[in-house]
Amino acid sequence: MNTPTNVINSEDLMALGYTPGRAFGVALRTAGKHQRLGKETLLAQLADVLAAPEAYAAHAVYGKLANALIEAAAMADIAPIPLREAGTGYAVYGESHIEPGARAQMDVAMQLPVAVAGALMPDAHQGYGLPIGGVLAVDNAVIPYGVGVDIGCRMALSIYDIPETFFVEHHARFKRELIAQTRFGAGHGFKPHERADHQVLTDEAFGMNPFVANLKDKAWAQLGTSGGGNHFVEFGIIEFPAADEPLGIPAGKYLALLSHSGSRGLGATIAGHYTKLAKELCHLPSEARNLAYLGLDTHAGQEYWQAMTLAGSYASASHDIIHRKMAAALGAEVLARVENHHNFAWKETWNGQEVVVHRKGATPAGKGVLGIIPGSMTAPGFLVRGKGEAASISSASHGAGRQMSRTQAIKTISRDAMKATLKQHGVTLIGAGLDEAPMAYKDIHTVMAAQTALVEVVATFTPRLVRMADDGSRED
DNA sequence: ATGTCC
C-alpha cells in the first residue's frame, strides 16, 4: 500500500531540522493527528515550533511538542556521564580472527563507569553497542544492547532413541514433519486455531505494564515459531565418543533435533523500547551511546529486567513447543534435552564479586554447565561442557561466526556452489538464502581450537536435514 | 534479529 503523500514522515521532519529523540516522535504523532491542517501548513508550523518552542508551550495543538523540545534542549545541556580514560583489560580468544571493529567496541565497553570485567569470544564481530560474541560484567546495572535485540535467543537439543539407519530409511517422513511442525519467516505466526498453549502465557510479567501487556497477543501467535535470519530447526546425528554419565547417554550415535531461535517480535519490541528509554535516562559520550545502561535499583532497570526475563522464558517456551510437537509427531522417546540462552544477562559471582554478566552471542560455560555451539548447516556443532574459566567470565562462543557479511555472501557465492557443498556433505536443505551458505561462516574447528580452555567437547552433532526461513530475495 | 518509525 502506498503512503499518502500528504502525510508528514521522518524525512520531512529531518529536512526541517528535527533530530532523533523523544521530541521527534511527538512531532510525528502530532503531525499524524492533525493531517486535516494540510501538509504545507503543518510543515510551516512545525518549523516555527522548532525555532521558538517557548512561544507554543501552551498551544492547543503544538503545546506537547513545544514542551518536549524545551525538555530536550535542557537535557542536551547536561554533560554526558564520562567514560574512564583507560578501560579495564579483557581476555580475547582467537584474536587473529576477530575484526578490529569488534575490538574497538569492546574497548569502549570496558571504559563504562560500571564495567567490571569483559571478554571477547573467538566468533566475535561488530554489533550495536556491545559486539556479538562480547561478554561484559558490570556492577548493579543492565545494558539493553548488551543483551541484544533478540533477547533470550537460544539453542535447544533433543536426543532421540532413534538410530541413524531409521532416519536414513525414513528420510521423507522426517522431512515432512520438519515442514509440518515448524514455522519460519519474519512476522509470521500461527492462526488462532493453530496456536499452541503454554505455561508462559500465564506469566504475570505480561501484566507488568501496558506496554508489555500490548505485546501478548502477537507473542501468543508467534509462540513456537522460529523467525528468520540465522535461525533454524534441523535433524542431525549426534555422536558420543564415550558414555556421558550426567546426561545418562551411552556412547554411540543418535538422531537429534537441534533448534536455534529467540523471542521473536516480543523480545525485539522490548529491546527497542528499553534501549530507547536507557538512552534517554543514561547520557553517554557518542561512541558509547548504544551502551546506555539502567541501574538495577531504578524503576526502569527493574522493569527491563522483568521484561527481559519474560522474553527469555518465552524463547524457551517456543523451543519447548517445537520439540514437544516433533517428539509427539514422531512418537519418539527423548533420551535427553539440553538448552542454553546465548543472548541474555545473568546475576553471577565473578572473582568473589556480585556482577551482572551480559552475554551477547556467547554461550554460558560455567564449570560443568552444558551448552550447544553450532557450526553451520554443513559443519558439525558441539555439545560442550563449560570449564568455568574466570578470564572468559565462564563463557564460550555461540557458533562459528560469520566470515562474510550477508551482502558479501549474496554477491560472491553462487547457488550452484552452495548446492554442491550441501550435496558433498549429504545435507538436505529446506529454505535459506545464499547469505546463510556454509561458506559465509568461519571454520568451526578453528573457533573451537581457540577455546579449549573454556569448554570440553562432549559430543559432535552433524546436520543432515535443515530448515531455515525462505530466501526473501527470491520472492521479490 | 525484527514485518523495518526517527
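Each chain gets a letter, A, B and so on, in the order its sequence line appears, and its residues count up from 1. Side-chain atoms are counted along with the backbone in the values below, which use heavy atoms only and exclude waters and symmetry mates.
Of the two residues contacting DNA chain B, namely A/G25 and A/G185, the nearest-nucleotide position lying further toward the 5' end is that of A/G185.
A salt bridge is defined here as a Lys NZ or Arg NE, NH1 or NH2 lying under 4.0 Å from an Asp or Glu carboxylate O, and A/R195 with A/D217 meets this definition. With respect to the salt-bridge test (charged N to carboxylate O, under 4.0 angstrom), the residues A/R464 and A/E234 do not qualify.
Across all strands, A/G228 comes closer than 4.0 Å only to sugar-phosphate atoms, never to a base (heavy-atom distances). Within 4.0 Å of A/G227, counting heavy atoms only, lie sugar-phosphate atoms of the nucleic acid but no base atom. If you check every strand for non-hydrogen atoms under 4.0 Å, A/H188 touches a base. Residue contacts shown for A/K276 include a base, since a base heavy atom lies under 4.0 Å away. A/L13 comes within 4.0 angstrom of nothing in the nucleic acid, heavy atoms only. In this structure, A/R29 reaches neither bases nor backbone, as no heavy-atom distance under 4.0 Å exists between it and the strands shown.
Atom CZ in A/R406 sits about 10 Å away from atom P in B/dT2, given to the nearest Å. The nearest whole Å value for the distance from the OH atom in A/Y314 to the P atom in B/dT2 is 10 Å. Atom CG of A/D12 is separated from atom C1' of B/dC5 by 13 Å (rounded to the nearest Å). A/Y274 has its OH atom 20 Å from the P atom of B/dT2, to the nearest Å. Summarising the geometry, the separation between CD1 on A/I8 and C1' on B/dC6 is reported as 14 Å, rounded to the nearest angstrom. When the P atom of B/dC6 is taken as reference, atom CZ of A/R289 falls 12 Å away, rounded to whole Å. Between the NZ atom of A/K218 and the C1' atom of B/dG3 there is a distance of 7 Å, rounded to whole Å. Rounded to whole Å, atom P of B/dC6 lies 10 Å from atom OH of A/Y128.
The aromatic rings of A/Y18 and A/F24 sit perpendicular, their planes meeting at an angle over 60°, well past the 30° parallel limit. In this pair, A/Y62 and A/Y56 present their aromatic rings perpendicular. The plane angle is above 60°, beyond the 30 to 60° band.
Remark: A/T407 engages A/S405 in a side-chain contact (heavy atoms from CB on, under 4.5 Å) (not counting sequence neighbours).
Secondary-structure stems of DNA chain B, taken as three or more successive Watson-Crick or G-U wobble pairs (i with j, i+1 with j-1) under a 3.5 Å distance threshold, are lacking entirely.
Between the side chains of A/Q451 and A/S397, at least one donor N or O sits under 3.5 Å from an acceptor N or O. Side-chain contact, A/H231 with A/S226: no donor N or O sits under 3.5 Å from an acceptor N or O. Donor-acceptor pairing under 3.5 Å is lacking for the side chains of A/D123 and A/Y441.
Distance check: A/M155 CE to A/L370 CG gives 13.5 Å after rounding to the nearest 0.5 Å.
Residue A/Q222 places at least one side-chain N or O closer than 4.0 Å to OP1 or OP2 of B/dG3. Using a 4.0 Å cut-off, some side-chain N or O of A/R264 falls inside it from OP1 or OP2 of B/dG3.
Taken residue by residue, residues 395-403 of chain A places no heavy atom nearer than 4.0 Å to DNA chain B.
Ring to ring, A/H260 and A/H342 are close: their centroids are under 6.0 angstrom apart.
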